[in-house]
Amino acid sequence: LTGRGRVDEELFEELEEVLLTADINVHTTMQVLDDLRRAVREQRLKEPSEVKSVLKESLLASLQSGGDSALKVSPVPPTVYLFVGVNGVGKTTSIAKLAYRLRQQGKSVILAAGDTFRAAAIDQLEVWAQRVGATLIKHREGADPSAVIYDAIAAARNRGVDYVLADTAGRLHTRSNLMEELKKVYRVAEKALGRPPDEVLLVLDATTGQNAIRQAQEFVQAVNVTGIVLAKLDGTARGGAVITIHDELKVPIKLVGVGEKPADIEDFDAEEFITALLG
Amino acid sequence: SLTEKLQKVFRRLSNQGKVTEQDVNEALREVRIALLEADVHFKVVKDFISRVRERAVGQEVLESLTATQQVIKIVHEELINLLGDGAEGIRFAPKPPTVILLCGLQGSGKTTTAAKLGLWLRKQGRRPMLVAADVHRPAAVQQLKVLGQNLQIPVFAIDGSRDAVRIAHEALQTAIQQGNDVVILDTAGRLHIDNEMMEEVRRVKEATHPDEILLVLDAMTGQDAVRVAEEFHRQLEVDGFILTKLDGDTRGGAAISIRAVVGKPIKFVGIGEKPDALDVFHPDRMAGRILG
Ligand SMILES: Nc1nc2c(ncn2[C@@H]2O[C@H](COP(=O)(O)OP(=O)(O)OP(=O)(O)O)[C@@H](O)[C@H]2O)c(=O)[nH]1
Ligand SMILES: Nc1nc2c(ncn2[C@@H]2O[C@H](COP(=O)(O)OP(=O)(O)OP(=O)(O)O)[C@@H](O)[C@H]2O)c(=O)[nH]1
Ligand SMILES: [Mg+2]
Ligand SMILES: [Mg+2]
């Protein structure tokens, strides 16, 4: 970013392009640049590198405030994580990756095949369960997803399993009947546990533009999302929509997906994320 | 909505009837914001706004009473111009079978779209074959088999094979023998920057000489759409696009961007998860949606 020699309006146009092409919301971008212009005046900044550094700090500050980016662990097992999100974003694969990590840590893991709708969704999770050494709890295709999650939690209790990772079918946030189904899954999990799921993880696709904000708004309202998994960050998209999501909805980004193999998941690192975003 | 925002801009005019260049600039600022919020690519927006400005300022007198409608009309027309006309369907081969190759990023909807296309073509009296050439994703072959079974459309697969090129090639031979006149190749999701995977799909192309190479793109894709479309086009020479998940509330500005930059038509849109949820592309509906 910017081999420019001076702090002028052209520098700000360049910065605007960097922010907007990273999928940062246009209103958030305007706010950030207004704040930056004020900082330039107040601090009398003369070097583009200084301006960029202040920009980085302000984006970092907004991302680092608020919720805990570590995954919650229940003092009494099982720890239960529910994965939700729209179609094709990476829920099933993210579950597989997290299961792999937990297995590497010596934890026992149950995967709940809560997508009872899509063709071969259960088969897909079954392959992953075998690969990572997790137990699969499944019902027939077309069964009630709430029943699968209920059974998975019961099985975890009975067998003293450490974690339940629950998959759900992809659903557009605009489908009210599907969002109602998800609310029921959440309620059933809560009832089975005697407390809310330890995490409700909304999986977002890093290539998604402004619609990610809409998705987050609807899912947060429906099922108390506690964290975001930003998948497919190994592509060229920079995932800037999460900045607005974090600002407005206060949901922390917990995990980042960086590929299709079991090890391709990382804890969210705000510094790394902002550095990559600014290029 | 954009119309309401423009009305606000022009409402502040005095009753002199004439609109100044500053008013036009302010209106264009609102249009720019609307397009960026709709995920239209930054550079495409820039070019678009300067074209609209030329037309708006070039008009003899922008009457203040109708300024909002006039600007909206110009923007709408320019969007439709950009989106092209929706008439393009599948271009069939003079001698069967017609080969359609579906490619794109992970999770964009290729496998589901393959089944939808199969149903679409069968309803037109064709005899399609679906080909399970995704050898990477767990249960991808099974997914296509289930979809095909539900529709009673034959699915070609070689269980256990890790050779997408071999599968595609043998599928084509089988289709010729069995009299299938359309072959739809489902491929694995891949990154445009993954050299090995782009090499794989290039080799599938070389082995089957597709009549249609269609990039399947998620309608909620943001600024990255241009880079993805350009790179797939550079390496494969795409014939067109299929935009999926348009049944959501994404504005779909990626449609404008990819069409503007690659110049190939959007042929179909996915509007749901069921096999019949495929529609031809309607540029006027898309323009209205992008403007919000
Ligand atoms: N490159 C890359 N691909 C990913 C990542 N996460 C998931 N994928 C791929 O994205 C595609 C979709 O992933 P799934 O896990 O099936 O997505 P999903 O949300 O469960 O999809 P539905 O259940 O159909 O809604 C697969 O091809 C995955 O391999 C990631 O971090 N990077
Ligand atoms: N709502 C909606 N969902 C869709 C549409 N097209 C596909 N889907 C869903 O999107 C998800 C991903 O679809 P797939 O067909 O598995 O995507 P893919 O491109 O083959 O994925 P990979 O093979 O992993 O790259 C599934 O849940 C589909 O049901 C659509 O037009 N609308
Ligand atoms: Mg899934
Ligand atoms: Mg697929």
Side-chain angles (χ1 to χ4, degrees), chain A residues 16-27 29-30 86-93 96 117-128 130-131 141 169-175 178 205-215 218 231-232 234-241 259-260, chain B residues 32-43 45-46 105-112 115 136-150 188-194 217-228 231 244-245 247-254 272-273:
Chain A
E16 186 192 48
E17 179 167 354
V18 171
L19 299 178
L20 289 174
T21 55
D23 286 314
I24 298 182
N25 176 267
V26 56
H27 299 288
T29 297
M30 297 196 303
V86 304
N87 307 72
V89 293
K91 298 176 293 300
T92 306
T93 310
F117 170 75
R118 205 206 69 213
I122 298 173
D123 301 79
Q124 184 186 7
L125 195 60
E126 188 143 32
V127 172
W128 279 119
Q130 286 167 8
R131 283 188 194 175
E141 196 177 290
R171 69 203 65 228
L172 293 184
H173 50 291
T174 47
R175 292 282 308 272
L178 298 181
D205 187 328
T207 68
T208 301
Q210 298 309 298
N211 199 248
I213 299 170
R214 286 286 305 128
Q215 294 171 25
E218 293 301 323
K232 308 181 196 171
D234 47 317
T236 50
R238 283 169 277 154
E260 301 187 75
Chain B
R32 178 176 184 258
I33 289 173
L35 293 176
L36 288 170
E37 285 180 320
D39 291 326
V40 181
H41 193 267
F42 181 88
K43 290 209 166 73
V45 173
K46 204 166 178 187
L105 295 179
Q106 291 89 347
S108 63
K110 299 173 292 299
T111 305
T112 311
H136 300 279
R137 169 173 154 154
V141 172
Q142 182 61 13
Q143 184 184 4
L144 193 64
K145 279 185 178 174
V146 170
L147 292 174
Q149 275 161 18
N150 293 344
R190 71 199 68 232
L191 293 180
H192 48 301
I193 54 171
D194 183 333
L217 189 77
D218 197 321
M220 56 190 184
T221 309
Q223 297 288 310
D224 202 40
V226 160
R227 185 150 172 196
V228 171
E231 191 55 26
T244 61
K245 309 179 202 171
D247 46 315
D249 60 1
T250 187
R251 302 266 292 281
E273 292 192 76

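Numbered from 1 within each chain, the chains take letters A, B, ... in sequence-line order.
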> If every non-hydrogen atom of B/Met220 is compared with every non-hydrogen atom of A/Asn87, which pair is closest and at what distance?
Replying inline: CE-O, 4.4 Å
>> I need the residue from B/Gln142, B/Lys46, B/Arg227, B/Lys145 with the largest number of non-hydrogen atom pairs under 4.5 Å to chain A.
In response: B/Arg227
>> Between B/Glu273 and A/Leu172, does the side-chain contact (heavy atoms from CB on, under 4.5 Å) criterion hold? Intermediate values first, please.
In response: CA-CA 10 Å; B/Glu273 292 192 76; A/Leu172 293 184; over 6 Å; no
>> Under a 3.5 Å distance rule, please check whether A/Asp23 uses its side chain to pair with a backbone N or O of B/Gln223 as donor and acceptor.
In response: yes
> Among B/Arg32, B/Arg251, B/Glu231, who wins on heavy-atom pairs under 4.5 Å with chain A?
Replying inline: B/Arg32
> Could you walk me through whether B/Asp218 and A/Thr208 pass the side-chain contact (heavy atoms from CB on, under 4.5 Å) check?
Replying inline: CA-CA 8 Å; B/Asp218 197 321; A/Thr208 301; 5.7 Å; no
>> Could you measure the distance from the CD1 atom of B/Ile193 to the CG atom of A/Asp234? Nearest 0.5 Å is fine.
In response: 7.0 Å
> Does any donor atom in the side chain of B/Gln143 or A/Gln124 lie under 3.5 Å from an acceptor atom in the other side chain?
Replying inline: no
> Is chain A contacted by the side chain of B/Asp247, its backbone, both, or neither, given a heavy-atom distance below 4.5 Å?
Replying inline: both
>> Set out, in order, the CA-CA distance, both residues' side-chain angles and the distance that settles side-chain contact (heavy atoms from CB on, under 4.5 Å) for B/Gln106 and A/Glu260, then state yes or no.
In response: CA-CA 9 Å; B/Gln106 291 89 347; A/Glu260 301 187 75; 2.8 Å; yes
> A/Glu126 versus chain B, heavy atoms under 4.5 Å apart: side chain, backbone, both or neither?
Replying inline: neither
>> I need the minimum non-hydrogen distance between B/Ala139 and A/Ala120, along with the two atoms involved.
In response: O-CB, 3.8 Å
>> Does B/Asp249 form a side-chain contact (heavy atoms from CB on, under 4.5 Å) with A/His173? I'd like the steps, not just the answer.
In response: CA-CA 9 Å; B/Asp249 60 1; A/His173 50 291; 2.7 Å; yes
>> Holding to side chain to side chain contact (heavy atoms under 4.5 Å, CB included), I want the full list of residues that pass it with B/Ala225, two or more places apart in sequence or in another chain.
In response: B/Leu217, B/Thr221, B/Ala254, B/Ile258
> Do B/Glu37 and A/Arg214 meet the salt-bridge criterion of a basic N to acidic O distance under 4.0 Å?
Replying inline: no
> What part of A/Arg175 gets closer than 4.5 Å to chain B, counting heavy atoms only: side chain, backbone, both or neither?
Replying inline: neither
> From A/Lys232 NZ over to B/Leu105 CG, what is the distance, rounded to the nearest 0.5 angstrom?
Replying inline: 7.5 Å
> Is chain B contacted by the side chain of A/Arg238, its backbone, both, or neither, given a heavy-atom distance below 4.5 Å?
Replying inline: neither
> So how far is it from A/Gln210 CD to B/Leu36 CG, rounded to the nearest 0.5 Å?
Replying inline: 8.5 Å
> Side chains of A/Thr207 and B/Asp224: is there a donor and an acceptor less than 3.5 Å apart?
Replying inline: no
> Heavy atoms, side chains only, cut-off 4.5 Å: are B/Thr112 and A/Arg118 in contact?
Replying inline: no
> What residues, two or more places apart in sequence or in another chain, satisfy side chain to side chain contact (heavy atoms under 4.5 Å, CB included) together with A/Glu17?
Replying inline: A/Thr21, B/Phe42, B/Lys43
> Is chain A contacted by the side chain of B/Ile33, its backbone, both, or neither, given a heavy-atom distance below 4.5 Å?
Replying inline: both
>> Using a 4.5 angstrom heavy-atom cutoff, name the option from A/Ala119, A/Ala121, A/Ala22, A/Gly240 with the most pairs to chain B.
In response: A/Ala119
